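Everything on this sheet refers to the single structure shown next.
Any value given below was found using the heavy atoms of this structure, including those in side chains, with hydrogens, waters and symmetry copies removed. Model, not experiment: these values are computed from the prediction. Whatever order the structure lists them in is the order used to number ligands and atoms, beginning at 1.
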Amino acid sequence: MLIRRDGLEFAIEDSAAPIHNRSGKVTGAVIVFHDVSQSRAMSQKMTHQAQHDLLTGLPNRALLTEHFIQAIGLAKRHCKQVALLFLDLDDFKHINDSLGHAIGDQLLQSVANRLTACVRNTDMVCRQGGDEFVILLAEIDHPQGAAQIAEKLLGVLVKPHRIGGQELHVTVSIGISVYPDDGNDVETIMQNADTAMFHAKTNGRNNFQFFRDHMNINAVHRLTVESSLRRALKQEEFLLHYQPKVNLASGALTGAEALIRWQDPDIGMIYPGQFVSIAEACGLIVPIGHWVLREACRQVRAWLDSGLPAVPVAVNISAVEFRHIGFVEGVASILKETGLAPEFLQLELTESILMHDADSSALVLDALKAMGVRLAIDDFGTGYSSLSYLKRFPIDTLKIDQSFVRDIVTDTDDATIVSAVIGMGKNLKQRVIAEGVETQAQFEFLRDQQCDEGQGFHFSHSLPALDFSFLLADGNCLISQNAGDAETDSSLKRSPPLSI
Ligand code: C2E
Ligand code: MG
Ligand code: MG
């Protein structure tokens with residue numbers, strides 16, 4: 001290092017050559033100083049670039065791995081733990097696709113800044129690539145410490161990001177894995193945090209999950225199902241079954257719920273409980289849901305075209321679909337394409353979907369309502385509802401969850417809840433339908449409480465489209481005229497159309 005007269009220091013390389021006289025004695029030397037500040041700066045810059053992400057300036061995976069190995073060494077010595085948080089932004093791809101990469105990049109930078117502000121100097125936030133970030137929490141005393149940070153991150157990220165003159169909203173799903181409980185090396189801890197993050201996605205996004213051993217078995221299962229689902233979409237292995245909805249006072253068929261089935265060539269029929277959450281987590285629910293909507297609309301239109309007295313069909317919409325940009329436009333274009341009048345389509349949404357971001361839900365619901373589509377709240381009573389929103393949302397129907405219906409005859413609490421929901425629906429001018437009606441006694445209780453409609457095995461299981469068309473053609477009274485009698489003579493679960 002040389003110091004110039006003005007005090008500035010600069011890096012040098014020096015070399016010296018002796019000066020000899022004739023007799024070979026050293027009489028002096030030539031010393032050469034070479035200014036290397038530029039090349040040194042360049043090499044430092046290159047090292048930095050190799051270890052950092054260009055867009056956000058955060059450390060990259062290579063640097064994180066280095067630090068992680070050091071953190072593990074320290075934790076071992078000090079009997080502490082190290083936590084790894086794997087973060088994946090929810091629906092980032094849609095922001096990128098719809099608003100452009102420049103906005104997407106700025107959002108990533110804004111997220112990076114907020115993440116960095118949430119952790120200690122000794123921790124490390126790294127960008128893994130795309131919309132994935134990894135946070136290393138060095139030397140924690142207890143996994144609970146990681147949970148607190150995760151909670152803080154969720155809270156900080158959910159606040160709107162001001163970018164390009166607009167407010168963008170983004171949430172994140174977080175998986176947490178801890179050294180030494182969940183693995184002894186970087187690779188395993190990283191893998192397990194990723195798996196836990198996936199579970200946070202299936203758990204509705206915008207939450208965090210700790211890694212659990214059983215998740216690994218599920219991870220393999222998830223990958224197989226995911227690739228089979230892709231194939232199923234391509235090879236058209238999905239189909240819809242239709243479950244009748246019945247007017248409890250008259251027995252008339254009032255509508256149907258379309259329920260997806262997957263006819264796997266090897267396994268056979270697979271029910272939504274086994275694949276819908278996986279499709280939601282990997283985003284495949286969007287094209288699958290699109291298929292369901294189009295197929296349901298096409299089918300009702302075909303029934304109408306063949307002269308049948310078709311009824312409205314309800315389609316279940318998952319959270320991921322509902323929040324997907326372009327959902328409303330998608331519904332409109334399917335109605336246009338199939339030529340179905342909008343009042344023949346009902347969308348079933350759960351309370352948690354609607355309450356998640358109630359203000360933006362209200363906008364989407366208003367747009368759908370303006371289009372003429374009918375709206376129902378599914379599984380009502382199992383989620384958290386704000387009554388003031390419930391009043392504000394343009395909802396046509398409340399669907400009482402089957403868990404309340406199951407014990408209405410034996411459990412006075414459930415009976416009270418069901419009566420209260422029926423009363424509330426009446427006051428809010430919403431129709432009330434009970435799902436999971438399995439027995440004559442449940443049916444009679446609901447009818448006596450003036451519940452408008454019912455759906456369940458007591459009236460009919462869900463039916464393939466052809467069987468449902470027989471039901472439409474049949475003039476459709478689904479309950480016995482003397483319904484107070486024993487079960488023997490009436491319900492569809494014992495008689496056609498199941499056997500038609
Ligand atoms: P859900 O919307 O609450 O649908 C009612 C479920 O209860 C259906 O199960 C139906 O077959 C079943 N069920 C009907 N009556 C009775 C009864 O009397 N007793 C009992 N125990 N169960 C009855 P399924 O078809 O297995 O569907 C399960 C869930 O999967 C649905 O719950 C819905 O949340 C979801 N799902 C179904 N189809 C779709 C779809 O196309 N898209 C999306 N996103 N989700 C779907
Ligand atoms: Mg439903
Ligand atoms: Mg339901």
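- Using cut-offs of 30° and 60° for the angle between ring planes, the His94 and His324 rings count as perpendicular.
- Glu257 has its closest N, O or S atom to the Mg ion (ligand 2) at the position named OE2.
- In this structure, the side chain of Ser110 does not engage the main chain of Gln106 through any donor-acceptor pair within 3.5 Å.
- The distance from ligand 1 to the heavy atoms of Asp378 drops below 4.0 Å at these ligand atoms: 1 (P), 2 (O), 3 (O).
- The closest approach between a heavy atom of Glu257 and any atom of ligand 1 is below 4.0 Å.
- Protein heavy atom at the shortest distance from atom 43 (C) of ligand 1 is Asn316 O, 3.6 Å.
- Each of Gln449, Arg447, Gln442 was evaluated against Phe445; a single residue qualifies, Gln449, per the side chain to side chain contact (heavy atoms under 4.5 Å, CB included) test.
- Ligand 1 is never approached by Ser462 to a heavy-atom distance shorter than 4.0 Å.
- The residues Asp90 and Arg323 are annotated as not salt-bridged, no charged nitrogen and carboxylate oxygen being separated by less than 4.0 angstrom.
- The closest protein non-hydrogen atom to atom 40 (C) of ligand 1 is Ile260 CG2, 3.7 Å.
- The aromatic rings of Phe468 and Tyr242 sit tilted relative to each other, their planes meeting at an angle between 30° and 60°.
- The Mg ion (ligand 3) has Asp378 OD1, Asp379 OD1, Glu435 OE1, Glu435 OE2 as protein N, O or S atoms under 2.8 Å away.
- For the atom pair CD of Gln144 and CD1 of Ile149, the computed distance is 11.5 Å after rounding to the nearest 0.5 Å.
- Proximity of the aromatic rings of Phe459 and Phe443 is defined here by a centroid distance below 6.0 angstrom, and this criterion is met.
- Ionic pairing of Arg205 and Glu280 is not present here: no N-O contact between side-chain nitrogen and carboxylate oxygen is shorter than 4.0 angstrom.
- By the neighbour-count criterion of 12 heavy atoms within 6.0 Å, atom CG of Asp213 is sparsely surrounded, having that number or fewer from other residues, nucleotides or ligands.
- Of the protein's non-hydrogen atoms, the one nearest atom 18 (O) of ligand 1 is Phe457 N, 2.8 Å.
- A side-chain N or O of Ser360 and one of Asp357 form a donor-acceptor pair less than 3.5 Å apart.
- Ligand-side atoms of ligand 1 in range of Ser318: 44 (N), range being under 4.0 angstrom from any heavy atom.
- Atoms of ligand 1 lying under 4.0 Å from any heavy atom of Glu321, numbered from 1 in the order shown and given with element: 44 (N).
- Side-chain atoms of Thr254 and Arg431 include no donor-acceptor pair closer than 3.5 Å.
- At a heavy-atom cutoff of 4.0 Å, ligand 1 is contacted by the side chain of Gln402 but not by its backbone.
- Proximity of Arg261 to ligand 1 is established by a heavy-atom distance of less than 4.0 Å.
- In this structure, atom 32 (O) of ligand 1 has its sub-4.0 angstrom surroundings free of protein heavy atoms.
- Remark: of the listed residues Gln455, Glu257, His461, Gln455 is the sole one forming a side chain to side chain donor-acceptor pair (under 3.5 Å) with Gln243.
- Considering both main-chain and side-chain atoms, Tyr271 never comes within under 3.5 Å of ligand 1 through any nitrogen or oxygen pair.
- When all heavy atoms are compared, the tightest approach of Leu308 to Ser469 is CD1-CB, 3.9 Å.
- Residue Pro272 has at least one heavy-atom neighbour below 4.0 Å for each of these atoms of ligand 1: 24 (P), 25 (O), 26 (O), 27 (O), 28 (C), 30 (O), 36 (N), 37 (C).
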Enumerate donor-acceptor pairs with a distance under 3.5 Å from any side-chain N or O in residues 362-378 to protein atoms, sequence neighbours excluded.
residue, atom, partner, partner atom, Å
Lys369, NZ, Asp396, OD1, 2.7
Lys369, NZ, Asp396, OD2, 3.1
Arg374, NE, Glu343, O, 3.1

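- Listed by atom number, the atoms of ligand 1 under 4.0 Å from Glu438 heavy atoms are 17 (C), 18 (O), 19 (N), 20 (C), 21 (N).
- Per-residue contacts place Asp379 under 4.0 angstrom from the following atoms of ligand 1 (heavy atoms of the residue considered): 3 (O).
- Protein heavy atom nearest atom 15 (N) of ligand 1, with residue, atom name and distance: Gln243 NE2, 3.0 Å.
- Between Leu259 and ligand 1, not a single N/O pair is under 3.5 Å apart.
- Distances between N or O atoms of Val276 and those of ligand 1 include no value under 3.5 Å.
- The residues Arg162 and Glu167 are annotated as salt-bridged, a charged nitrogen and a carboxylate oxygen being separated by less than 4.0 angstrom.
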Asp359/Arg392 under salt bridge (charged side-chain N to carboxylate O under 4.0 Å, His left out): CA gap, chis, key distance, verdict: CA-CA 10 Å; Asp359 290 321; Arg392 246 181 63 194; 3.7 Å; yes
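- Within the 4.0 Å heavy-atom criterion, the part of Val292 lying near ligand 1 is the side chain and not the backbone.
- With ligand atoms numbered from 1 in the order given, ligand 1 contributes 3 (O), 5 (C) to contacts under 4.0 Å with heavy atoms of Glu435.
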